[in-house]
Undergrad: 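The following block contains the structure, expressed as structure tokens.
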There are 2 protein chains.
Amino acid sequence: MPIDVPGDVPIGEAARVSGVKVPTIRYYEEIGLLPEPPRSDGNRRLYGPAHLARLAFIRHSRQLGFEIEAIRTLLDLQDNPGQPCSPADSIARRRLDEVEARIASLIALKAELERMIDGCAHGSVAECRVIDVLSDHGKCAHADH
Amino acid sequence: MPIDVPGDVPIGEAARVSGVKVPTIRYYEEIGLLPEPPRSDGNRRLYGPAHLARLAFIRHSRQLGFEIEAIRTLLDLQDNPGQPCSPADSIARRRLDEVEARIASLIALKAELERMIDGCAHGSVAECRVIDVLSDHGKCAHADH
DNA sequence: CCTACGTTCTCTAGCGACTAGAGGAGCAAG
DNA sequence: CTTGCTCCTCTAGTCGCTAGAGAACGTAGG
């Protein structure tokens with residue numbers, strides 16, 4: 001008995017299994033991230049396992065915040081597995097740096113927002129700490145912003 | 001002796017003191033966030049202290065990550081100081097929630113990226129942990145992504 | 001066979017928040 | 001009076017999608 005390998009599926013099904021929306025799949029094809037799949041007699045796209053795997057790769061990469069161009073490079077690497085993986089490595093490392101920087105700045109932001117909100121007496125706008133702090137950056141505990 | 005209150009300054013100077021780029025200032029005017037300033041004889045924009053204060057408010061709000069529409073509301077509130085400040089409060093609170101959610105998801109992301117990078121043996125793509133994890137979400141320590 | 005409905009097709013335009021560049025005019029210093 | 005900077009308006013581009021129009025296909029029921 002043959003295992004239930006997914007045969008060729010139409011775009012809606014590809015969207016369902018990959019979690020990528022239909023127009024987004026078409027968009028990925030348009031920008032050359034996903035190769036053009038074969039078409040049915042009625043001109044519908046039919047995705048096989050290889051396409052679905054690639055789509056999953058793209059989706060996962062996007063979830064990790066990699067940019068399209070970075071993903072393009074990563075996919076190229078995946079297609080040529082003999083090459084050294086240092087480019088992949090450095091792309092991931094760069095992304096990690098970004099994420100760390102972003103976390104740090106968001107934590108500072110969070111502190112600033114909390115200070116604003118906690119200081120607010122919930123009266124009129126005239127005494128509102130939120131508006132007050134926004135108008136005068138000097139009232140910030142100078143987060144890096 | 002008069003204090004050195006900034007007189008009317010051209011857009012370049014406004015950009016310098018506010019830290020908002022020239023085209024961005026014009027953009028804020030275009031979308032009605034910053035009122036149209038008076039013009040010089042030669043049709044140049046001239047910003048007075050009120051404009052500069054508003055610009056600083058906008059810039060600070062953007063740095064804290066508020067959306068343009070939220071800033072529009074905040075500016076309206078600032079213009080009508082008699083109103084209750086609860087709308088400002090809730091805008092800030094919503095932003096805080098977003099920031100907290102974002103921090104949490106970025107921390108999970110960071111862990112995932114670190115795992116990928118640490119696991120990479122720096123050999124060829126064929127054994128690259130980075131590419132490997134990207135192709136198979138199952139290899140993630142299932143962060144919420 | 002006809003109809004109804006869901007899916008897919010292509011195409012264009014829009015989102016947010018800018019950013020870049022063209023082509024021209026004003027303005028201050030040498 | 002020329003040089004070089006700033007400023008003007010305008011259009012178009014960025015990123016990663018998202019929305020919608022209008023038409024064709026495909027399938028299930030009657």
Side-chain angles (χ1 to χ4, degrees), chain A residues 7-34 36-48 51-52 54-55 57-75 91 94-95 98 102 145, chain B residues 7-34 36-48 51-52 54-55 57-75 91 94-95 98 102 145:
Chain A
D8 286 358
V9 298
I11 198 166
E13 182 63 12
R16 237 160 286 132
V17 309
S18 68
V20 179
K21 290 181 194 158
V22 169
T24 305
I25 296 177
R26 288 197 278 245
Y27 168 72
Y28 288 156
E29 179 182 322
E30 190 187 310
I31 63 171
L33 207 57
L34 194 61
E36 297 186 24
R39 301 283 184 123
S40 74
D41 289 358
N43 197 35
R44 274 116 195 266
R45 292 169 178 83
L46 289 177
Y47 296 93
H51 282 99
L52 295 178
R54 206 169 175 90
L55 196 47
F57 186 106
I58 295 170
R59 151 127 157 133
H60 194 192
S61 303
R62 286 296 298 138
Q63 284 178 323
L64 292 176
F66 291 104
E67 291 174 6
I68 298 287
E69 285 315 300
I71 298 172
R72 210 184 284 279
T73 305
L74 292 168
L75 284 166
I91 287 173
R94 230 177 306 139
R95 177 67 190 139
E98 281 170 26
R102 192 89 186 99
H145 67 271
Chain B
D8 286 358
V9 298
I11 198 167
E13 182 63 12
R16 238 160 286 133
V17 308
S18 69
V20 179
K21 290 180 194 158
V22 168
T24 305
I25 296 177
R26 289 198 277 246
Y27 168 72
Y28 288 157
E29 180 182 322
E30 190 187 308
I31 63 171
L33 205 58
L34 194 62
E36 297 187 25
R39 301 283 184 122
S40 75
D41 289 0
N43 198 34
R44 273 114 196 270
R45 292 170 179 82
L46 289 177
Y47 295 92
H51 281 99
L52 296 178
R54 205 168 175 94
L55 195 48
F57 185 106
I58 295 170
R59 151 128 158 133
H60 194 192
S61 303
R62 286 297 297 138
Q63 284 178 322
L64 293 176
F66 291 104
E67 292 174 4
I68 298 287
E69 285 317 299
I71 297 172
R72 211 185 283 281
T73 305
L74 291 168
L75 284 167
I91 286 173
R94 230 175 308 138
R95 176 68 189 138
E98 281 169 24
R102 192 92 186 96
H145 67 270

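So you know, we letter chains A, B, ... as the sequences are listed, proteins then strands, and number each from 1.
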Undergrad: How is B/Arg45 classified with respect to the nucleic acid when contacts are heavy atoms under 4.0 Å: base, sugar-phosphate, or nothing?
TA: sugar-phosphate
Undergrad: How close or far is atom P of D/dC25 from atom CG of A/Leu46, stated in whole angstroms?
TA: 15 Å
Undergrad: Can you find a donor-acceptor N/O pair under 3.5 angstrom joining the side chain of A/Arg26 to the base of C/dC9?
TA: no
Undergrad: Side chain of A/Glu67 only, heavy atoms from C-beta on: which candidate in D/dG16, D/dC7, C/dC9 is closest?
TA: D/dG16
Undergrad: Report the residue (B/Glu30 or B/Ile11) whose heavy-atom-nearest nucleotide on DNA chain D is the more 5′ of the two.
TA: B/Ile11
Undergrad: In whole Å, what is the span from the CZ atom of A/Phe66 to the C1' atom of D/dG16?
TA: 17 Å
Undergrad: Of all the choices, C/dG26, D/dG16, C/dC18, which nucleotide is nearest to the side chain of B/Thr24 once you look at every atom?
TA: C/dC18
Undergrad: Would you mind reading off the distance between A/Arg39 atom CZ and C/dT8 atom C1', rounded to a whole angstrom?
TA: 10 Å
Undergrad: Are B/Arg26 and B/Glu29 within salt-bridge range, i.e. N to O under 4.0 Å?
TA: no
Undergrad: Rounded to whole Å, please give me the gap between CZ in A/Arg16 and C1' in C/dT7.
TA: 9 Å
Undergrad: Is any side-chain nitrogen or oxygen of B/Tyr28 closer than 4.0 Å to OP1 or OP2 of C/dC18?
TA: yes
Undergrad: Atom CD of B/Glu29 and atom P of D/dC7: how far apart are they, to the nearest Å?
TA: 14 Å
Undergrad: Round to a whole Å and report the spacing from CG of A/Asn43 to P of C/dC11.
TA: 11 Å
Undergrad: Look at the side chain of A/Pro23 and decide which nucleotide, out of C/dA17, D/dT18, C/dG6, has an atom nearest to it.
TA: D/dT18
Undergrad: The side chain of B/Arg62 lies closest to which of these nucleotides: C/dC18, D/dG16, D/dT9?
TA: C/dC18
Undergrad: Does B/Ile91 reach the side chain of B/Thr73, with side-chain heavy atoms less than 4.5 Å apart?
TA: yes
Undergrad: Can you measure A/Ile31 atom CD1 to D/dT14 atom P for me and round it to whole angstrom units?
TA: 12 Å
Undergrad: Taking for each residue the nucleotide of DNA chain D bearing the nearest heavy atom, is the 5' side occupied by B/Pro10 or by A/Lys21?
TA: B/Pro10
Undergrad: From C/dC18, D/dG16, D/dC8, pick the nucleotide closest to the side chain of A/Ile68?
TA: D/dG16
Undergrad: On DNA chain C, check which nucleotide each of A/Gly12 and B/Asp41 is closest to and give me the residue with the more 5' one.
TA: A/Gly12
Undergrad: Return the minimal non-hydrogen interatomic distance between A/Phe66 and A/Ala70, and the atom names on each side.
TA: CB-CB, 4.4 Å
Undergrad: Whole-Å distance between D/dC8 P and B/Tyr27 OH?
TA: 18 Å
Undergrad: Return yes if some donor-acceptor pair links the side-chain N/O of B/Arg44 with the main-chain N/O of B/Pro10 below 3.5 Å, else return no.
TA: no
Undergrad: Less than 4.5 Å apart, any side-chain heavy atom of A/Gln63 and any of A/His60?
TA: yes
